[in-house]
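All remarks here apply to the structure that follows.
To find a chain, count down the sequence lines: A is the first, B the second, and so on, and within it residues start at 1. Computed from a predicted structure; not experimentally measured.
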Amino acid sequence: MGKPLTSTQTREILPLDRAFFVRDPRRVARELLGKVLVRQELVQQDKDRQAGGACRIARIVEVEAYRGEKDPAAHAAAGRTARNAVLFGPPGHAYVYFIYGNHYCLNVSCEPEGQAGCVLFRALEPLAGMEEMARARGIAVHSPADWPKLTSGPGRLAQAFGITRARDNGRDLTSPESGLWIGDDGFRRRSIRVTPRIGISKAQDKALRYILAGNPFVSGPKKSN
DNA sequence: ATATCGATTATCT
DNA sequence: GATAATCGATATG
């Protein structure tokens with residue numbers, strides 16, 4: 001691709017703390033742009049936690065905010081159920097749901113416990129572990145031009161990171177110990193764009209989709225980027 | 001480039 | 001029984 005991508009340099013990644021997620025999901029969504037999602041299994045070795053297995057890292061470039069019971073398009077709109085219970089629990093945890101009989105989608109819970117706001121991950125820019133992502137996706141990747149097929153779209157990124165409801169629903173995304181977490185690698189984003197959400201049938205007028213302007217990994221029709 | 005459609009199942013009415 | 005925060009394939013301009 002001829003376009004400038006966000007940095008792929010390897011630097012220390014610091015996990016986000018719980019307080020980051022104790023805010024309105026619109027604010028959390030905006031702040032999550034430019035952060036990274038990490039899948040890194042940790043194994044017990046002697047008395048230390050060691051990194052084990054392939055490490056997958058990707059930058060968050062597109063998210064949507066869902067506003068709990070105030071939001072007709074949110075899964076929590078009708079109150080707490082068995083499916084959405086995580087949304088009403090503590091902030092910073094993974095809410096994973098299964099959709100269209102085919103795909104998983106990843107969200108992170110926001111706001112204080114008892115309030116059900118969340119942020120949906122819609123697209124990522126792969127930074128490391130692309131071979132592992134391709135294997136998880138079941139596709140061949142021949143060049144960087146194929147990378148968007150790994151993580152552009154909520155179903156795709158979940159599959160690339162091996163995320164399922166059975167495995168990851170309720171996982172604490174603030175701790176590297178959990179093997180799936182969100183961190184800050186020092187990247188400083190430039191402009192952000194806000195648009196209506198994609199793929200919903202209710203509350204379509206509200207602008208609650210946040211993207212890194214011009215990033216080639218953002219999903220959906222080009223005009224919405 | 002845009003449009004339409006089928007797949008496939010957990011969840012809720 | 002209907003629906004759904006999607007994807008990939010196919011058709012058409």
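- Considering only residues two or more places apart in sequence or on other chains, A/Arg167 meets the salt bridge (Lys or Arg N to Asp or Glu O under 4.0 Å) condition with A/Glu41.
- Legend: residues meeting salt bridge (Lys or Arg N to Asp or Glu O under 4.0 Å) with A/Asp172, ordered by chain and number and at least two apart, are A/Arg18.
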Dot-bracket, DNA chain C: Watson-Crick or G-U, under 3.5 angstrom, [ ] crossing, | other strand? ||||.|||||||.
Donor-acceptor list for residues 148-155 of chain A side chains, cut-off 3.5 Å, not counting sequence neighbours:
| from | atom 1 | to | atom 2 | distance (Å) |
| --- | --- | --- | --- | --- |
| A/Thr151 | OG1 | A/Leu124 | O | 2.7 |
| A/Ser152 | OG | A/Pro148 | O | 3.4 |
| A/Ser152 | OG | A/Phe217 | O | 2.5 |

Distances under 3.5 Å between nitrogen or oxygen atoms of protein and nucleotides 3-7 of chain C:
| from | atom 1 | to | atom 2 | distance (Å) |
| --- | --- | --- | --- | --- |
| C/dA4 | OP1 | A/Ser201 | OG | 3.4 |
| C/dA5 | OP1 | A/His75 | NE2 | 3.4 |
| C/dA5 | N9 | A/Tyr97 | OH | 3.4 |
| C/dA5 | N7 | A/Ala73 | O | 3.3 |
| C/dA5 | N7 | A/His75 | NE2 | 3.2 |
| C/dA5 | N6 | A/His75 | N | 3.4 |
| C/dA5 | N1 | A/Asn107 | OD1 | 2.5 |
| C/dA5 | N3 | A/Tyr97 | OH | 2.8 |
| C/dT6 | OP1 | A/Arg122 | NH1 | 3.1 |
| C/dT6 | OP2 | A/Gly199 | O | 3.4 |
| C/dT6 | O3' | A/Gly155 | N | 3.4 |
| C/dT6 | O2 | A/His103 | NE2 | 2.8 |
| C/dC7 | OP1 | A/Pro154 | N | 3.2 |
| C/dC7 | OP1 | A/Gly155 | N | 2.9 |
| C/dC7 | OP1 | A/Arg156 | N | 3.2 |
| C/dC7 | O4' | A/His103 | NE2 | 3.0 |

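- One finds no side-chain N or O of A/Thr81 lying less than 4.0 angstrom from the OP1 or OP2 phosphate oxygen of B/dT11.
- Residues that satisfy the salt bridge (Lys or Arg N to Asp or Glu O under 4.0 Å) test with A/Glu111, not counting sequence neighbours, are absent from this structure.
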List the atom pairs, with distances to 0.1 Å, where a side-chain N or O of residues 26-37 of chain A and a protein N or O form a donor-acceptor pair under 3.5 Å, not counting sequence neighbours.
| from | atom 1 | to | atom 2 | distance (Å) |
| --- | --- | --- | --- | --- |
| A/Arg26 | NE | A/Asp24 | OD1 | 3.0 |
| A/Arg26 | NE | A/Asp24 | OD2 | 3.4 |
| A/Arg26 | NH2 | A/Asp24 | OD2 | 2.8 |
| A/Arg27 | NE | A/Glu31 | OE2 | 3.4 |
| A/Lys35 | NZ | A/Glu31 | O | 3.1 |

Quick one: side chains of residues 96-108 of chain A, donor-acceptor pairs under 3.5 Å with protein atoms, not counting sequence neighbours, listed by atom name and distance.
| from | atom 1 | to | atom 2 | distance (Å) |
| --- | --- | --- | --- | --- |
| A/Asn102 | ND2 | A/Tyr100 | O | 3.0 |
| A/Asn107 | ND2 | A/Tyr95 | O | 3.2 |

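- Between the CZ atom of A/Arg165 and the P atom of B/dT9 there is a distance of 16 Å, rounded to whole Å.
- Applying salt bridge (Lys or Arg N to Asp or Glu O under 4.0 Å) to A/Glu64 and the options A/Arg197, A/Arg122, A/Lys206 leaves one that passes, A/Arg122.
- Contacts of A/Arg137 classified as salt bridge (Lys or Arg N to Asp or Glu O under 4.0 Å), with partners at least two apart in sequence or in another chain: none.
- Partners of A/Ser201 under the side-chain contact (heavy atoms from CB on, under 4.5 Å) rule, at least two apart in sequence or in another chain, do not exist in this structure.
- Partners of A/Pro176 by side-chain contact (heavy atoms from CB on, under 4.5 Å), not counting sequence neighbours, listed by chain and number: A/Pro15, A/Trp181.
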Pairwise N/O distances under 3.5 Å, protein to nucleotides 10-13 of chain C:
none

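- When the P atom of B/dC12 is taken as reference, atom CZ of A/Arg80 falls 13 Å away, rounded to whole Å.
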